[in-house]
Amino acid sequence: MSVPAEKKEKVSVPFDYNKYLRPNKLPHIWCPGCGHGIVLKAMLRAIDKTGFDKNDICVISGIGCSSRTPGYVDFNTLHTLHGRALSFATGVKFANPKLKVIVVTGDGDALAIGGNHFIHTCRRNIDLTVLVFTNATYGMTGGQYSPTTPMGSQATTSRYGSIEPPFDACEMAKASGASFVARGTAYHTLELEKTIHEAIMHKGTSVVDIIDACPTYYGRANKFKSATHMMEVIEKENTVNVKQADKLPPEKLEGKFLRGVLHKIEKPEYCEQYESIVMEKAKAK
Amino acid sequence: MADRKKKFLQGNEACVEGALYAGCMFFAGYPITPSTEVAEGLSVRLPKIGGKFIQMEDEIAGIAAALGGSLAGLKSMTATSGPGFSLKQECLGYACLAEIPLVIVNVMRGGPSTGYPTGPSQSDIMQAKWGTHGDHPAISVTPSYVQEILSETVRAFNLAERFRTPVVVLYDEILGHMREPITIPAPGDLEVIDRMRPECKSEDYLPYDEKYEVAPLAPFGAGYRFHVTGLNHKQDGFPTNDSKQIGANNLRIMSKIENHKEEIWKNDELLLDDAEVAVFTIGSTARSARFAVLEARKAGIKAGLLRPLTIWPFPEKAVRELAKRVKAIIVPELNLGQMILEVERVSGAACEVVGINRVDGEPITPMQILDVIKKYK
């Protein structure tokens, strides 16, 4: 049987990850079964596809498991404070708009302690790519519930089940003004790579909410059999590609997260606005 | 002859002139009384010269973005007042450990909490030294005149760039809003220092190279792909758990300031040579003190004034020497006794140390100081 053309393209080709890694900084700190490594892989392949020079890329993070990413990758890298990655990134990008700035952040980092910065970064539509590693867990501190933890879930600070409704990072990003909003999962690796690539190439604030699983804390506390079991339930069965969603009856979509590009519009970008409006008017005055 | 414009400016406007003279090209901040004129001024001036101004969503984002701007290679500044300065403390510590040059202007208002936004205080003197957690170096400059706000802002940038560290410009609301005629210096009148940039090959670059006391700092995007973190790190910038390296680095960031106190200290002395009683104070309070000292001299009292323009690192040498030759040091300050603790620590039992304090939002008057001086006739 011949392989359809589309499938052929998806077949993994040999890829030199070391071109973008700092091999002497490995092994990474992530637990066996954690999805962060898969997301990192998708991110590096997406960056490779952009063809950007490594010297022009800046990867910035806050605090948490996912925020350790910058240390492992061979770009201009900045590991900042809890919640503040987007503010530092705004400064770097605004000071030197030639840099391609990618922010790696967790759901706690981006949506709880950094929630205000998240909203206002989206509002400005400054050209940053924001990758939110959403695992519904504060992993670095030992498994507390986060702003995306589903209601009823167990965590070390919700022993009786979480009573807080979770945030939807995509809805929040869209409502706040981001011009590109997408979702991916660690399970759908090739799709994720494509989405991240599209996000980086987009001019303006691009947010990708990436659902991945924390088997060590969330998985054990909520009686998942294994890391792969978690991926199947949380990432595969609980999500639907936005392109297929139209064809499905509403009851099949209930409680499920949509994957793919959910929102993409053309909108003035902050640094360009500053240059074309503020600087021009200031010079003329 | 160089063109030196005369202007009639308020302190906050002079701060803008100083920042621009020093080569500031990036400002990020958040509106707060009584410092807002600094942001307003730079929002007009920076885009004219290709500089960047951004009003961020909160105080924390203001300093964080300014640190990002500095890492991207631009001389950067933020400005705030008491409550905002409290919010900026975590990022200030980050700047100390990650060794990022930055100028933070704190126009002091009454506290605690929201306190008295439109009234002066000098109650952030200790916050400027101890506000952020962990042991860390601190440099703060303390001007007393509008002209000095300009020149001390330039000096703050120089110190920040020279030592790769945050520097706080500390002045009170009175000075921020007081108008005085000043001269805008011509290029070359004041020294302007830029951070050292690396000249080595990118593969040899270490952002915290131990062979330097203060290592050269590359801007992001210049071909040196290095790592910056707020974790204790090695000379290559990557985190470490090695206690030897953690200890050595923490000591180095302190000693790079400690070893150069002589060049960071700056004191203004008035009639101290034969003084029997001295006043030690900063900011607008030093203006009252100057008046009081001159009045005391008219009355035949041998009074003098020691006015530090660098409060951190504390001017230990000058105070220690002074304490040995006067009967008393009077320390007026718009708080309940912050600087006096340092004066007492340094002077030991060599002389009497007396405080004059005020926290009602009003300045300490010359007469208040003169009354205390007269006790040492």
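Here is the naming used below: chain letters follow the sequence lines, and residue numbers restart at 1 for every chain.
- For chain B, the option among A:Glu275, A:His117, A:Lys281 with the highest count of heavy-atom pairs below 4.5 Å is A:His117.
- Of the residues considered (B:Ala72, B:Pro239, B:Gly230, B:Gly223), B:Gly223 shows the highest number of contacts with chain A, using heavy-atom pairs under 4.5 Å.
- Between A:Phe15 and A:Tyr20, the two ring planes are parallel [angle under 30°; tilted spans 30° to 60°].
- B:Tyr208 carries B:Arg164 over the face of its six-membered ring, with the cationic atom under 6.0 Å from the centre and within 45° of the normal.
- Residue contact with chain B, scored on non-hydrogen atoms closer than 4.5 Å, involves the side chain of A:Leu99 exclusively.
- Contact check on B:Arg252 versus B:Glu99 returns a salt bridge, with a Lys/Arg side-chain nitrogen under 4.0 Å from an Asp/Glu carboxylate oxygen.
- For a residue to count as touching a neighbouring chain, one of its non-hydrogen atoms must lie under 4.5 Å from one of that chain's; by this rule A:Arg123 does not touch chain B.
- At a threshold of 4.0 Å, the pair A:Lys203-A:Glu272 counts as salt-bridged, since one of the basic side-chain nitrogens sits closer than that to a carboxylate oxygen.
- Residues from residues 48-63 of chain A that place a non-hydrogen atom less than 4.5 Å from a non-hydrogen atom of chain B comprise A:Lys54, A:Asn55, A:Cys58, given in numerical order.
- Both the backbone and the side chain of B:Ala61 come within contact range of chain A, with heavy atoms under 4.5 Å apart.
- The pair B:Asp236-A:Arg22 does not count as a salt bridge, with every side-chain nitrogen at least 4.0 angstrom from each carboxylate oxygen.
- At a 4.5 Å heavy-atom cutoff, the contact between B:Phe53 and chain A is made by backbone and side-chain atoms alike.
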Checking B:His227 against A:Thr77 for the side chain to side chain donor-acceptor pair (under 3.5 Å) test, could you report, in this order, the C-alpha distance in whole Å, the side-chain angles of both residues, the deciding distance, and whether it holds? CA-CA 5 Å; B:His227 187 60; A:Thr77 55; 2.7 Å; yes

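- For the 3.5 Å distance criterion, the side chains of B:Glu59 and B:Thr80 qualify, holding a donor opposite an acceptor.
- Ion pairing between B:Asp194 and B:Lys75 holds under the 4.0 Å rule for side-chain N and carboxylate O.
- Note on A:Thr121, A:Thr80, A:Val278, A:Asn116: by heavy-atom pairs under 4.5 Å with chain B, the leading option is A:Asn116.
- Under 4.0 Å is where a charged nitrogen must lie from a carboxylate oxygen, and between B:Lys7 and B:Glu17 at least one such pair does.
- A salt bridge between B:Asp209 and B:Lys211 is present, with a side-chain N of the basic residue lying under 4.0 Å from a carboxylate O of the acidic one.
- Listed options A:Leu86, A:Val92, A:Val73 were ranked by heavy-atom pairs under 4.5 angstrom with chain B; first place goes to A:Val92.
- Interface remark: A:Lys285 contributes backbone and side-chain atoms alike to the contact with chain B (heavy atom separation under 4.5 Å).
- The six-membered or imidazole ring of A:Trp30 lies near that of A:Tyr72, with a centre-to-centre distance under 6.0 Å.
- Looking at B:Phe238, the atoms closer than 4.5 Å to chain A (heavy atoms on both sides) all sit in the side chain, from C-beta outward.
- For the set B:Tyr224, B:Phe220, B:Phe226, the entry with the most heavy-atom pairs within less than 4.5 Å of chain A is B:Phe220.
- Between chain A and the residues B:Leu231, B:Ile63, B:Ile49, B:Leu46, the largest count of heavy-atom pairs under 4.5 Å involves B:Leu231.
- For an aromatic pair to be called close, the ring centres must be under 6.0 Å apart, and A:Phe167 with A:Phe118 fails this.
- Counting heavy atoms from C-beta on, the side chains of B:Leu97 and B:Asn249 come closer than 4.5 Å.
- Only the side chain of A:Tyr274 comes within contact range of chain B, judged by heavy atoms closer than 4.5 Å.
- Chain A forms the most heavy-atom pairs under 4.5 Å with one residue out of B:Ala65, B:Ala66, B:Gly73, B:Ala98, and that residue is B:Ala65.
- Proximity to chain A (any heavy atom under 4.5 Å) is restricted, for B:Leu71, to the side chain, taken from C-beta onward.
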